[in-house]
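Sequence positions, counted from 1, serve as the residue numbers for this chain. Both counts, for ligands and for their atoms, begin at 1 and track the order of listing. Side chains are part of it too, since the values below use all heavy atoms of this structure and drop only hydrogens, waters and symmetry mates.
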Amino acid sequence: AIDPQFTENREQADTHKGHDVWGPVEEPEKLGIHGTHVAVDFDICIADGACVEDCPVDVFEWVDTPDHPESELKADPANESQCIDCMLCVDVCPVDAIDVDAG
Ligand code: SF4
Ligand code: F3S
Ligand code: ZN
């Protein structure tokens with residue numbers, strides 16, 4: 001599962017479409033965690049898609065991640081500022097790849 005303390009345990013490695021990326025990043029195998037308020041561990045995501053389908057405010061957008069060992073698509077929290085903290089995505093992800101900091 002995603003480490004809920006990732007902002008303390010990881011370093012910000014990059015930005016992507018306006019959100020932070022928390023490393024380590026070694027493409028294509030290691031992609032890190034995308035987002036901060038809505039955070040998706042790309043190295044855990046298996047492209048199930050429940051978060052993309054269920055988010056009521058369309059926070060997530062698919063991005064291509066060719067040659068990643070888990071999946072070649074990831075749910076990117078492209079619109080994390082729109083999040084209304086409903087926690088649905090956290091509940092539906094089968095591999096616990098998402099953390100939402102509703103505090
Ligand atoms: Fe969308 Fe709710 Fe997840 Fe926020 S907590 S990203 S609003 S599903
Ligand atoms: Fe990935 Fe979980 Fe969403 S596997 S696509 S973060 S439901
Ligand atoms: Zn991203």
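Under a 3.5 Å cut-off, the side chain of E72 and the backbone N or O of D67 do form a donor-acceptor pair. Judged by distance alone, the side chain of D48 and the main-chain N or O of C93 form no donor-acceptor pair under 3.5 Å. A donor-acceptor pair under 3.5 Å links the side-chain atoms of T65 to the main chain of S71, judged by distance alone. Put simply, the side chain of E80 gets close to the backbone of T36: a donor and an acceptor are under 3.5 Å apart. Between the side chain of D14 and the backbone N or O of V21, no donor-acceptor pair lies under 3.5 Å.
For the side chain to side chain contact (heavy atoms under 4.5 Å, CB included) criterion with V38, the lone passing option out of C83, S81, C51 is C83. Between H37 and the options D99, D85, D101, a side chain to side chain donor-acceptor pair (under 3.5 Å) holds for only D85.
Of all atoms in ligand 2, numbered sequentially from 1 with element shown, those under 4.0 Å from a heavy atom of A47 are 1 (Fe), 4 (S), 5 (S). Within ligand 1, the atoms closer than 4.0 Å to a non-hydrogen atom of M87 are 2 (Fe), 5 (S), numbered from 1 in the order shown. Proximity to V95 (heavy-atom distance under 4.0 Å) selects the following atoms of ligand 2: 4 (S). The atoms of ligand 2 that sit less than 4.0 Å from any heavy atom of G49 are 5 (S). Taking every non-hydrogen atom of F60 and a distance limit under 4.0 Å, the qualifying atoms of ligand 1 come out as 6 (S). Shown in contact with W62 at under 4.0 Å from a heavy atom are these atoms of ligand 2, numbered in order with element: 5 (S). Heavy-atom proximity to C45, at under 4.0 Å, picks out these atoms of ligand 2: 1 (Fe), 4 (S), 5 (S), 6 (S). Interface atoms of ligand 1 facing C89, defined by a heavy-atom separation under 4.0 Å, are 3 (Fe), 5 (S), 6 (S), 8 (S).
Residue contacts with ligand 2, taken as heavy atom pairs separated by less than 4.0 Å, do not involve V92 at all. Counting heavy atoms closer than 4.0 Å to ligand 2, residue C89 contributes nothing at all. Contacts between V57 and ligand 1 below 4.0 angstrom, taking non-hydrogen atoms only, involve the side chain exclusively. Of the heavy atoms in I44, none comes closer than 4.0 Å to ligand 2. At a heavy-atom cutoff of 4.0 Å, ligand 2 is contacted by no atom of F42, backbone or side chain.
Between K74 and D41 there is no salt bridge, since none of the side-chain N atoms of the basic residue sits less than 4.0 Å from a carboxylate O of the acidic one.
Criterion: ILVMFWY side-chain heavy atoms under 4.5 Å apart, direct or through other members. Under it, V92 and V95 are not part of a common hydrophobic cluster. F6 and V25 are assigned to two separate hydrophobic clusters, defined by single-linkage of ILVMFWY side chains at heavy-atom distances under 4.5 Å. Under the 4.5 Å side-chain contact rule for hydrophobic residues, I98 and L31 share a cluster.
When the heavy atoms of S71, C55, A97, C51 are ranked by distance to atom 3 (Fe) of ligand 2, first place goes to C51.
Residue C93: an N/O/S atom is found under 2.8 Å from atom 2 (Fe) of ligand 2. Residue C55 counts as close to atom 1 (Fe) of ligand 1, with an N, O or S atom under 2.8 Å.
The shell of residues lying under 4.0 angstrom from ligand 2, judged by heavy atoms, includes I98. The closest approach between any non-hydrogen atom of I46 and ligand 2 is below 4.0 Å.
Regarding atom 2 (Fe) of ligand 1, its nearest protein heavy-atom neighbour is C86 SG, 2.3 Å. In terms of protein heavy atoms, atom 7 (S) of ligand 1 is closest to I84 N, 3.4 Å. The closest protein non-hydrogen atom to atom 4 (Fe) of ligand 1 is C83 SG, 2.3 Å.
Surrounding CD of E27 are at most 12 heavy atoms belonging to other residues, nucleotides or ligands under 6.0 Å away.
Closest approach of H19 to G35, counting heavy atoms only: CD2-N, 3.7 Å.
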